[in-house]
Amino acid sequence: MSFLDLKNVTKIYPNGTKAVHETSLSIDEGEFMVFVGPSGCGKSTLLRMVAGLEDITEGDINLDGKLMNEVDPSERDVAMVFQNYALYPHMNVYNNLAYGLKNRGIDKETIEQKVNDAAKLLQISDYLQRKPSMLSGGQRQRVAMGRAIVRNPKIFLFDEPLSNLDAKLRIQMRLEIKKLQQKVGVTSIFVTHDQVEAMTLADRLAVINNGIIEQLGTPIEIYDNPKSLFVAGFIGSPQMNFLDGNLKNKTLSAEGFEIKDINSDFEGEVTLGIRPEHLSQSENALISLKVELVEQLGSDNLVYGQLKNKKDFCYRCPGNQTIEKGSNLSLNIENNKYYIFDKSTGKRVN
Amino acid sequence: MTRFITSSFSHLILLIGILIMVVPVWMIFASSTHTSSMINMNGLQMFLGDSFYENYLRVLLYQGGFFKEITALKMFFNSFIMATGVAILSVVTSLMAAYALVYYRIKHATLLFWIIFITILVPLELRIFPTYSVMAELNLVNSYFGLIVPISASAIATLFFRQFYKTVPDELLESAKLDGANTWRFFIDFLIPLSKTMIVAMLIFMFVFGYNQYLWPLLVTTSEQYWTVVMGLKMMSGSIVHRFAFVMMSMVPPILIIILLQKHFIKGVFQDK
């Protein structure tokens, strides 16, 4: 049995809303798991059930070999970093960190030792006497993490902790969280709706939609091999291009072009997915794109335009290429990197 | 220029207001430092006389009442006990009532709260006889307990604390729970420190409320030993200057409480920012 085991976990709210459907998931010790999905998909509910802040309607949660269903959150030995940090406003940073230890009846010297160690690790030693209201966003974030680290819990739970920070700080804290988790080695679950955060942080990723785990795997597996239309559209930035098409006799006919010898026996209406970065320019290629707008990011150019049938399309090319607005590009799919999904079920068919 | 005129005008209005409030009090104070005969002949005085110590000392130590058993000093003591008792008891009970209403899964908590709130519409005077007969049955007439307890349930304080608790984010409770705090610890370690400012405000409010009680102490005490200052204002006999001196002294405790606690009040407000 792995470290954290969810077995057929279901959450139905009293008003009948089903937030999480029979979800099963195993997380190994020391693993960094990320739950990613759009807001309202049930990822936070799942996390809060692990913490014990939400009751479990059905199913079992096992942590370190012990059934957690009826265990009070204070007894579970889990630590959580909240979206708005939930620092204790009337206590200074030192007491914020020490509070959980005091409640466990640890003696004063040990507490002081542990708080100072955690503060040093997070570089907040200078602010120990300050109240949370006197700290900046990034400092508060560190204190919130310090409060989790200092208790040395079995598992860290992060509930969208970076969404209140500005873009630059978010990237910095993202790195620090990853480094810290590797240093401390605690099993962690991180909830986010930001796919970049999810990709960069995760050892393994669970893409959640409508209370169901759509796909579970390493970030690269999920990026390279999305199993459904939803996962394909959610992971990757800019988003994957989707085109309608028809698959028959291993031949895909899409808007104005055909792809032959497709590795699938499926027949019927399909959606073709192509990532903007899996395209390249060449003479007489499959796709013809009329350029409407070019976003120059420096390292890359994002080219937005329309296909012949007025469908929006995006192409990503290196930043050193000059592309004129209004010009026509001829694009090929690199190395057959395209994805075909059953249009009615959203399942991958190739 | 217009700004100068409007601000002068509003200052003028404020000054008139202050004068209307302060001058009568000053006149009573000034008059209370003269001799009775002076007041009887010349009316109220605007300037200080030289009988301050004589008048005030006499009032404090004079054995008054029908049985000459009570001094003003003792009345101040009684009033202090009563007002402090009412303030502390009502703040403690409303803190706990609000906590139960907001944080415990009580069925129909909102309905219960509104029932508590409706008691504001039922003044003490309306329930004074049933309340008195309960106190009489329990043999609590002529006791501090009887003076304090029946008027110490405050729906308004419960309302204030309840509304405040509702603004405390849920994450704080959840975070405290994960840190190993039980419901009691959350109350002591979080809600009480966080509502410190409001507690001080309510203490002031309820102290003055308790101090100003007249009808209830009048009814529930028959022994002069339990007279309060506000009762004494009516009961004390004596010459006009002594009454004035007593009136002046009766104003001191509420003012003192406000001055003393306001420091904490303001400190609390600034620390929260």
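Letters go in sequence order (proteins before strands), and every chain restarts at 1.
With a 4.5 angstrom heavy-atom cutoff, A:Leu101 does not touch chain B via any of its atoms. Looking at A:Asp72, there are no atoms closer than 4.5 Å to chain B (heavy atoms on both sides), in backbone or side chain. Looking at B:Asp170, there are no atoms closer than 4.5 Å to chain A (heavy atoms on both sides), in backbone or side chain. In this structure, chain B has no heavy atom under 4.5 Å from any part of A:Met134. Only the side chain of A:Phe82 comes within contact range of chain B, judged by heavy atoms closer than 4.5 Å. With a 4.5 angstrom heavy-atom cutoff, A:Arg76 does not touch chain B via any of its atoms.
Taking the charged nitrogens against the carboxylate oxygens, B:Asp179 and A:Arg104 have no contact shorter than 4.0 Å, which rules out a salt bridge.
For residues 143-161 of chain B, an interface with chain A (any heavy-atom pair closer than 4.5 Å) does not exist.
Atom CZ of B:Phe29 has more than 12 heavy atoms from other residues, nucleotides or ligands within 6.0 Å. By the 6.0 Å contact criterion, OH on A:Tyr13 is enclosed, its count of non-hydrogen atoms from other residues, nucleotides or ligands being greater than 12. Within 6.0 Å of atom CZ in B:Phe205, 12 or fewer heavy atoms from other residues, nucleotides or ligands are found, so the atom counts as exposed in its surroundings. Around the NZ atom of A:Lys120, the shell of radius 6.0 Å holds no more than 12 heavy atoms that belong to other residues, nucleotides or ligands. The local environment of CD in B:Glu125 is crowded, with over 12 non-hydrogen atoms from other residues, nucleotides or ligands closer than 6.0 Å.
Contact count versus chain B (heavy atoms, under 4.5 Å) is highest, among A:Asn84, A:Val78, A:Asp159, for A:Asn84.
In this structure, A:Asn103 CG and B:Lys177 NZ are separated by 14.0 Å, a value rounded to the nearest 0.5 Å. Summarising the geometry, atom OG belonging to A:Ser74 is positioned 7.5 Å from atom CG belonging to B:Asn182; distances are rounded to the nearest 0.5 Å. Note that the CD atom of A:Glu54 and the CD atom of B:Glu174 stand 7.5 Å from one another [nearest 0.5 Å]. How far CZ of B:Arg185 is from NZ of A:Lys102: 10.0 Å, rounded to the nearest 0.5 Å.
Among residues two or more places apart in sequence or in another chain, the side chain to side chain donor-acceptor pair (under 3.5 Å) test is passed with A:Thr192 by A:Glu197.
The minimum heavy-atom distance linking B:Leu194 with A:Pro89 is given by the pair CD2-CG, 3.5 Å.
Of the N and O atoms on the side chains of A:Tyr99 and B:Asp189, at least one donor lies less than 3.5 Å from an acceptor on the other residue.
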Practice item. Tell me, with the steps shown, if B:Ser175 and A:Tyr85 meet side chain to side chain contact (heavy atoms under 4.5 Å, CB included). Key: CA-CA 9 Å; B:Ser175 187; A:Tyr85 319 136; over 6 Å; no
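Between the side chain of A:Arg151 and the backbone N or O of B:Leu178, at least one donor-acceptor pair lies under 3.5 Å.
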